[in-house]
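Predicted model, so just to flag it, every value in this text is computed and none were measured.
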Amino acid sequence: MSRRSAPDSVGAFILHDQLLAPLTTWGVGGYAKTLVTPRSRDELIEAIGWLKTCCSSFFTLGGGSNVLIGDGVIDIPVLRTTETRDLRVSVDGENVFIDCAAGTKLSEVLALTIKEGWSGLEFAAGIPGTVGGALSGNAGTLRGAMDKSVVMVQTVEEDGSKHEWKADDMKWGYRRCGLLENTSRVVIGAKLKLSLSDRGLVLAAVKEALESRGLQPCGHRTAGCVFKNPQGHSAGMLLDRAECKGLVVGGARVSAAHANFIENMGACSARNIMQLALICKKRVFEMFGVTLSFEIKTLGIQEEDIYVGR
Ligand SMILES: Cc1cc2nc3c(=O)[nH]c(=O)nc-3n(C[C@H](O)[C@H](O)[C@H](O)COP(=O)(O)OP(=O)(O)OC[C@H]3O[C@@H](n4cnc5c(N)ncnc54)[C@H](O)[C@@H]3O)c2cc1C
């Protein structure tokens with residue numbers, strides 16, 4: 001695949017040999033041979049159409065806050081959505097609908113709802129990233145998740161066609177959206193449903209949501225929780241009881257504040273993070289017989305690449 005093969009309209013937002021580390025919250029990751037950064041929903045659709053004709057696969061990157069990107073060269077094109085940001089609001093009785101482009105920051109939507117006194121997204125306080133990324137992982141906390149706030153999701157399908165999905169058809173689960181798993185289906189936008197409320201009430205609920213996150217590390221580069229909570233357990237508690245807090249591999253360290261967070265201490269590689277995560281996973285299995293599975297997504301690095309002993 002080469003830049004020449006892209007029409008001029010798409011070529012305008014393609015860059016080659018771009019370092020991905022600064023595009024992730026962990027701050028690790030190698031060079032993408034091809035980085036495609038459309039600047040509007042229309043350009044996003046055009047870019048996906050081109051990628052689907054020229055490449056067997058590509059990776060969609062939102063805010064990079066839930067992804068571990070390998071240290072080597074990323075051969076498949078990376079489609080970055082963060083410049084496709086727009087919001088359209090409509091009100092119908094007590095209901096408020098916000099139609100957001102996939103790359104819109106979740107925090108930007110939340111800020112608008114606080115300013116206007118619209119209720120329904122308070123749980124999202126403190127969750128970085130884009131609307132598309134949040135839908136892909138059904139982002140949330142114990143207070144709620146995206147599946148409860150979204151009514152419609154617009155995608156570009158495997159065959160390049162556009163589709164509007166009702167939220168009920170998206171196959172939601174805990175930190176997953178079945179319809180967006182293992183496919184090259186891309187979210188281009190979504191309609192959220194909120195309700196008219198009171199600014200003070202919304203702000204108080206947001207403050208409460210932020211306070212409940214108190215034990216998470218601040219001021220360090222992380223990607224949120226590394227592992228999902230296994231059924232009936234808290235991954236953080238298992239990792240804590242397995243004495244993972246403070247473990248270090250190279251520039252990666254398990255947070256002293258929350259055992260399910262891995263911090264980049266500087267001079268950290270994706271390999272360091274993966275190795276440390278797998279050591280933690282092994283400890284938990286050996287101690288409790290519970291197999292942890294990743295909440296983070298990976299690109300260009302896999303569990304199987306790294307051996308941490310039997
Ligand atoms: C400090 C911190 C705190 C966090 N707290 C929470 C929390 O409380 N709850 C929680 O759930 N998460 C949390 N996270 C993780 C992360 O913020 C969320 O998962 C977030 O929704 C990811 O969005 P993103 O845009 O950064 O996605 P990315 O990390 O860029 O991508 C994540 C996945 O989504 C896919 N994706 C992205 N955009 C699209 C699209 N348009 N169409 C299809 N697929 C797409 C990617 O391919 C990838 O598989 C936290 C992260 C950090 C750094």
Side-chain angles (χ1 to χ4, degrees), residues 25-26 62-67 82 85 87 89 94-100 102-151 153 167 170 172-177 187 190-230 232-237 239-240 255-263 295-297:
T25 54
W26 247 328
S65 64
N66 201 30
V67 68
T82 47
R85 297 156 66 170
L87 290 173
V89 175
E94 292 292 301
N95 296 321
V96 180
F97 297 94
I98 308 183
D99 182 0
C100 331
T104 311
K105 282 185 181 173
L106 197 55
S107 60
E108 194 179 327
V109 189
L110 178 67
L112 177 69
T113 66
I114 297 170
K115 181 168 157 260
E116 299 293 340
W118 298 333
S119 178
L121 212 59
E122 294 89 335
F123 72 87
I127 304 181
T130 62
V131 169
L135 291 169
S136 161
N138 193 14
T141 66
L142 289 175
R143 289 161 189 267
M146 291 305 288
D147 56 340
K148 297 291 178 289
S149 307
V150 69
V151 284
V153 180
M170 295 298 290
W172 304 106
Y174 161 64
R175 297 295 163 271
R176 63 180 288 265
C177 173
V187 175
K191 192 181 268 189
L192 309 181
K193 184 178 166 191
L194 302 138
S195 56
L196 294 179
S197 178
D198 170 89
R199 247 188 244 176
L201 289 178
V202 175
L203 189 59
V206 164
K207 280 187 180 157
E208 249 182 69
L210 285 173
E211 274 161 22
S212 71
R213 304 175 65 88
L215 289 176
Q216 297 182 1
C218 296
H220 295 283
R221 304 196 74 156
T222 74
C225 288
V226 173
F227 297 104
K228 293 186 184 188
N229 289 325
H233 298 277
S234 147
M237 204 188 68
L239 289 157
D240 194 2
S255 165
H258 193 309
N260 203 5
F261 281 63
I262 292 182
E263 301 163 350
E295 179 168 326
I296 54 159
K297 306 295 185 308

Applying salt bridge (Lys or Arg N to Asp or Glu O under 4.0 Å), name anything that partners Arg221, two or more places apart in sequence or on another chain.
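If we apply the salt bridge (Lys or Arg N to Asp or Glu O under 4.0 Å) test to Arg221, skipping adjacent residues, there are no hits.
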Identify, with sequence neighbours excluded, every residue that meets salt bridge (Lys or Arg N to Asp or Glu O under 4.0 Å) alongside Asp240.
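Salt bridge (Lys or Arg N to Asp or Glu O under 4.0 Å) check on Asp240 returns Lys245.
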Show the nearest heavy-atom pair for residues [X] and [Y], with the distance to one decimal.
X	Y	answer
Thr25	Ala223	OG1-CA, 3.9 Å
Met146	Ala134	CG-O, 3.5 Å
Leu110	Ala124	CD2-C, 4.1 Å
Ala190	Leu135	CB-CD1, 3.5 Å
Cys225	Glu295	O-CB, 3.7 Å

Rounded distance [0.5 Å steps], [atom1] in [X] versus [atom2] in [Y]:
X	Y	atom1	atom2	value
Trp26	Ser65	CH2	OG	10.5 Å
Ile114	Lys207	CD1	NZ	10.0 Å
Ser119	Leu194	OG	CG	7.5 Å
Asp99	Leu87	CG	CG	8.5 Å
Ser212	Leu142	OG	CG	8.0 Å
Arg213	Glu208	CZ	CD	14.0 Å

Just by modelled atom types, is the [Y] backbone N or O under 3.5 Å from a matching donor or acceptor in the [X] side chain?
X	Y	value
Arg199	Glu116	no
Asn138	Gly173	yes
Arg175	Gly140	yes

Is there side-chain contact between [X] and [Y], with heavy atoms separated by less than 4.5 Å?
X	Y	value
Ile296	Val67	no
Ile98	Val109	yes
Ser197	Trp118	no
Glu122	Thr113	no
Leu192	Cys100	yes

Are Lys193 and Phe97 in a cation-pi contact, defined as NZ or CZ under 6.0 Å from the six-membered ring centre and within 45° of the axis?
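No, a cation-pi geometry is absent between Lys193 and Phe97.
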Lys228, NZ: over 12 other non-hydrogen atoms inside 6.0 angstrom:
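Yes.
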For atom NZ of Lys297, is the number of surrounding heavy atoms from other residues, nucleotides or ligands below 6.0 Å larger than 12?
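Result for NZ/Lys297: enclosed.
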Donor-acceptor side-chain pairing of Ser195 and Glu94 below 3.5 angstrom
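No.
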I'd like to know whether Thr222 forms a side-chain hydrogen bond (donor to acceptor under 3.5 Å, both in side chains) with Glu263, so could you lay out the CA-CA distance, the side-chain angles of the two residues, the decisive distance to 0.1 Å, and finally the verdict.
CA-CA 5 Å; Thr222 74; Glu263 301 163 350; over 6 Å; no
